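Comments concern the structure below.
Not measured: the values here are computed from a predicted model. These values consider heavy atoms only, across backbone and side chains, with no hydrogens, waters or symmetry-generated copies.
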Amino acid sequence: MPAAVLHVAEGVALPETKQLPPTYKNPISTLATVPEAELCDGSIPIIDLEALQGPRRSHIVKQLGRACEHKGFFAVKNHGIPKTTVNNIFDTTREFFHLPEEERMKFYTPDPNSDIRLMTAYKDEVENVFVARESLKFHCHPVEDYVNKWPTNPPSFREKAAEYLTNVRRVEMTLLDAISESLGLERDYIEKRLGGHYVSLNYYRACEQSELELTYGVRGHTDPTIITMLLQDDVPGLQVLSEGKWMDVNPIPDTVVVHVGDLLQAISNHRYKSLLHQAIVNCEKERMSIASYCYPSSDATVGPPEKLIDNDHPAIYKDFSFGEFSKQMWKVITPTDKRLDFFKCSAA
């Protein structure tokens, strides 16, 4: 797996070996901004991961498939990640972002090809908004290949991050098997195309009341991944677009949120839709989340398998390699699944 990465979709990272100049930028200009968005209440599908190992597997697989198809996201309970491991990764994340600025900035680099990179909050002068998220992003699979590049301050960082990420990888593999099965494919269909694993430790400081209307946590985007797993603390902030309205996805204790990425949309022949989501901030309490990104190897073929194509379901996307997808993202920088348009079949 190439170590180089590119940062798109509000900082999501993907492997790549060469940077290309963008030809245009396509912001989400048709969606309401945070203060104008009409919020809606909606149910969050909850998948019992433990039940995938028992006699109810076929039922849970169908439930998972419906969540991917109709919602684009779900929460996972009974995932087996110990509570102490979850508490430790949040404590470690908080300690890192509470370090003096000069200590944190040791990991800042303008080079998007770095194995580890601190992303800072910034102001978008064009749209006159402030994007408040700070994040530390780094490669993490296999752990032994990257752990020596991770911070040593706080002293527990490497140990606690490795413990959490090893658990997340296990959950990820279990989910990908079930997702493949939900599409009627072999359980290891997606697994055989996997590449690395990338993580983002996200930190949102409390916002001044006077700045709240012009401040995003992170703006609306889809992820250029297969799936993204998001661990939230107990502070609300995640929103997803559901039926044209922003829906709050408030934290549910002892669960992890999983959502469909662009590449699963392509693999599923547009049956599963990539989730448009954003993060908002508040003026009372800091918020943290841990996002884990799953993506293929650079030479892996992405596109709908023949088993998902027939006269009633013609191919929406042609086959492409993940390397080709990454290069195209540099040419057409967009925060949404429109980055897949280049790979649509002409008749689609």
Side-chain angles (χ1 to χ4, degrees), residues 8-9 12-15 45 47 49 52 60-76 141 168-169 171-198 221-230 240-242 249 256-277 291-298 300-309 313 315-326 328-329 334-345 348:
V8 289
V12 175
L14 289 177
I47 303 299
L49 198 71
L52 283 172
I60 300 300
V61 166
K62 290 178 182 178
Q63 188 181 53
L64 186 154
R66 287 194 297 269
C68 289
E69 184 170 359
H70 299 296
K71 291 285 191 177
F73 77 106
F74 52 90
V76 173
H141 181 78
V168 165
R169 185 71 173 184
V171 174
E172 178 182 90
M173 302 304 289
T174 302
L175 285 171
L176 291 176
D177 283 357
I179 289 171
S180 294
E181 191 176 344
S182 75
L183 290 167
L185 305 172
E186 298 81 7
R187 285 191 187 183
D188 63 352
Y189 182 87
I190 296 176
E191 179 184 341
K192 288 189 295 188
R193 288 154 176 78
L194 282 184
H197 193 177
Y198 202 80
H221 64 283
T222 63
D223 288 349
T225 60
I226 299 175
I227 59 172
T228 298
M229 295 178 55
L230 186 73
V240 304
L241 197 69
S242 177
V249 183
V256 178
V257 175
V258 180
H259 62 77
V260 174
D262 298 344
L263 296 171
L264 182 53
Q265 177 173 307
I267 292 170
S268 69
N269 202 32
H270 213 272
R271 178 173 161 185
Y272 297 167
K273 312 300 190 302
S274 191
L275 183 71
L276 189 62
H277 57 287
S292 303
Y293 305 113
C294 166
Y295 53 81
S297 58
S298 291
T301 298
V302 181
E306 291 185 4
K307 197 169 184 179
L308 300 185
I309 300 170
H313 306 92
I316 302 297
Y317 302 103
K318 55 189 177 183
D319 286 346
F320 56 92
S321 73
F322 184 54
E324 291 172 327
F325 175 77
S326 299
Q328 181 63 20
M329 289 177 62
T334 171
T336 73
D337 63 348
K338 287 187 177 296
R339 57 177 73 95
L340 284 171
D341 286 356
F342 181 79
F343 301 103
K344 281 188 173 181
C345 296

>> Run the side-chain contact (heavy atoms from CB on, under 4.5 Å) test on V168 and M229 for me, step by step, so that the C-alpha distance in whole Å, both residues' side-chain angles and the decisive distance to 0.1 Å come before the verdict.
In response: CA-CA 8 Å; V168 165; M229 295 178 55; 4.1 Å; yes
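- Using a 4.5 Å cut-off on side-chain heavy atoms (C-beta onward), Y317 and Q265 make contact.
- Residues I309 and P304 come closest through the heavy atom pair CD1-O, 3.8 Å.
- Between D188 and S180, every side-chain heavy-atom pair lies at or beyond the 4.5 Å cut-off.
- When only modelled atom types and interatomic distance are considered, T222 and D262 share a side-chain donor-acceptor pair under 3.5 Å.
- When all heavy atoms are compared, the tightest approach of S274 to D223 is OG-O, 4.0 Å.
- Using the six-membered ring where Trp is involved, F322 and Y295 have ring planes that are parallel, under 30° apart on the 30 and 60° scheme.
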> Going through the distances and angles, do E69 and R66 end up as a salt bridge (charged side-chain N to carboxylate O under 4.0 Å, His left out)?
Replying inline: CA-CA 5 Å; E69 184 170 359; R66 287 194 297 269; over 6 Å; no
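- Here the CG-CD1 distance, from L308 to I316, works out to 11.5 Å after rounding to the nearest 0.5 Å.
- In this structure, the separation between CZ on R187 and OG1 on T174 is 10.5 Å, given to the nearest 0.5 Å.
- For the pair I267/V302, a side-chain contact is recorded, criterion being any heavy-atom separation below 4.5 Å from C-beta on.
- Side-chain N or O atoms of K307 include one that pairs as donor or acceptor with a backbone N or O of G184 at under 3.5 Å.
- One finds the NZ atom of K71 at 16.0 Å from the OH atom of Y272 (value rounded to the nearest 0.5 Å).
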> side-chain contact (heavy atoms from CB on, under 4.5 Å) between V256 and V171: does it pass, once the steps are laid out?
Replying inline: CA-CA 10 Å; V256 178; V171 174; over 6 Å; no
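- The cationic atom of K273 (NZ for Lys, CZ for Arg) does not lie both less than 6.0 Å from the six-membered ring centre of F73 and within 45° of the ring axis.
- The heavy-atom pair separating P224 from L263 by the smallest distance is O-CD1, 3.8 Å.
- Once rounded to the nearest 0.5 Å, the distance linking NE2 of H141 with SG of C294 reads 10.0 Å.
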>> Go through it in stages, so that I can follow the logic: the residues are H277 and H221, the test is side-chain contact (heavy atoms from CB on, under 4.5 Å), and I'd like the CA-CA distance, side-chain angles, deciding distance and then a yes or no.
In response: CA-CA 6 Å; H277 57 287; H221 64 283; 3.2 Å; yes
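- When V61, L176, I60 are each tested for a side chain to side chain contact (heavy atoms under 4.5 Å, CB included) with E181, only one passes: V61.
- For the atom pair SG (C345) and CG (N269), the distance works out to 8.0 Å, reported to the nearest 0.5 Å.
- The CG atom of L185 sits 7.0 Å away from the CD1 atom of I190 when rounded to the nearest 0.5 Å.
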>> Go through it in stages, so that I can follow the logic: the residues are F343 and Q328, the test is side-chain contact (heavy atoms from CB on, under 4.5 Å), and I'd like the CA-CA distance, side-chain angles, deciding distance and then a yes or no.
In response: CA-CA 9 Å; F343 301 103; Q328 181 63 20; 3.9 Å; yes
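- Shown here for P305 and Y189, the closest heavy-atom pair between the two residues is CB-OH, 3.4 Å.
- When side chains are defined from C-beta on, I179 does not count as touching V260, because their heavy atoms never get closer than 4.5 Å.
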